[in-house]
Amino acid sequence: MVLIYVTCKDQEEAIKLGKIVLEQKIAACINTWPIKSISRNGNEGLEEIDEVVLLIKTVEQRVRQVEETISINHSYKVPCIATIYADRINVEYKEWLTRLV
């Protein structure tokens with residue numbers, strides 16, 4: 001299983017992007033949750049914003065498609081799209097996941 005971590009401007013965008021990858025059958029499941037992001041803002045100091053994490057569950061063969069789909073449909077000029085490889089997963093869940101994507 002591969003998890004793809006994406007930060008979004010709000011819940012609406014996270015759900016919209018999640019539904020796109022699910023409808024394209026390049027992901028099996030998504031999760032979302034609110035976060036507080038703090039980042040450097042050039043020479044102006046720090047910036048704090050509220051965002052929503054979109055976590056996409058998929059398989060290795062679909063990662064590139066997910067990345068391209070998110071890049072095309074995301075509101076950010078440069079979105080964070082980070083791939084996390086899960087080295088252990090229960091057999092039943094893995095079988096379910098691979099049947100769907």
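Everything numeric here is computed off the predicted structure, so don't read it as measured data.
- Put simply, the side chain of Thr58 never gets that close to the backbone of Val63: no donor and acceptor are under 3.5 Å apart.
- The same ILVMFWY cluster, assembled from side-chain heavy atoms under 4.5 Å apart, contains both Ile70 and Tyr85.
- With values rounded to the nearest 0.5 angstrom, Thr83 atom OG1 is found 8.0 Å from Glu60 atom CD.
- Here the shortest heavy-atom pairing between Leu22 and Ala27 reads CD2-O, 3.5 Å.
- Hydrophobic cluster membership is shared by Ile89 and Ile84, with clusters built from Ile, Leu, Val, Met, Phe, Trp and Tyr side chains linked at under 4.5 angstrom.
- For the pair Lys94 and Leu97, the minimum side-chain heavy-atom distance is 4.5 Å or more.
- Looking only at side-chain heavy atoms (C-beta outward), Lys36 and Glu48 come within less than 4.5 Å of each other.
- Here the side chains of Ile81 and Ser71 are in contact, with some heavy-atom distance below 4.5 Å.
- To the nearest 0.5 Å, atom CD of residue Glu51 and atom CD1 of residue Ile38 are 11.0 Å apart.
- To the nearest 0.5 angstrom, Thr69 atom OG1 is 3.5 Å from Ile26 atom CD1.
- Pairing each heavy atom of Trp96 with each of Ala28, the nearest pair is CH2-O, 3.7 Å.
- Asn73 contributes atom CG, which lies 5.5 Å from atom NZ of Lys16 (distance to the nearest 0.5 angstrom).
- In the hydrophobic cluster analysis, where Ile, Leu, Val, Met, Phe, Trp and Tyr join through side-chain heavy atoms closer than 4.5 angstrom, Val52 is grouped apart from Tyr5.
- Residues Leu54 and Gly18 approach most closely at CD2-N, 4.0 Å, considering heavy atoms.
- Side-chain contact between His74 and Cys8 is present, with at least one heavy-atom pair separated by less than 4.5 Å.
- Of the inter-residue distances, the one linking Ile35 atom CD1 with Ile49 atom CD1 reads 8.0 Å to the nearest 0.5 angstrom.
- For the residue pair Val2 and Val59, the shortest heavy atom distance occurs at CG2-C, 4.0 Å.
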Steps toward side-chain contact (heavy atoms from CB on, under 4.5 Å) verdict (Leu3, Lys57): CA-CA 5 Å; Leu3 305 172; Lys57 299 172 189 173; 3.7 Å; yes
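- With hydrophobic clusters built from ILVMFWY side chains whose heavy atoms lie under 4.5 angstrom apart, Leu17 shares a cluster with Ile30.
- Linking Ile, Leu, Val, Met, Phe, Trp and Tyr whenever their side-chain heavy atoms come within less than 4.5 Å leaves Leu55 and Val21 in two separate clusters.
- Across Glu67, Glu68, Arg62, a single residue satisfies side chain to side chain donor-acceptor pair (under 3.5 Å) together with Gln65, and that is Arg62.
- Atom CE of Met1 and atom CG of Asn90 lie 8.5 Å apart (nearest 0.5 Å).
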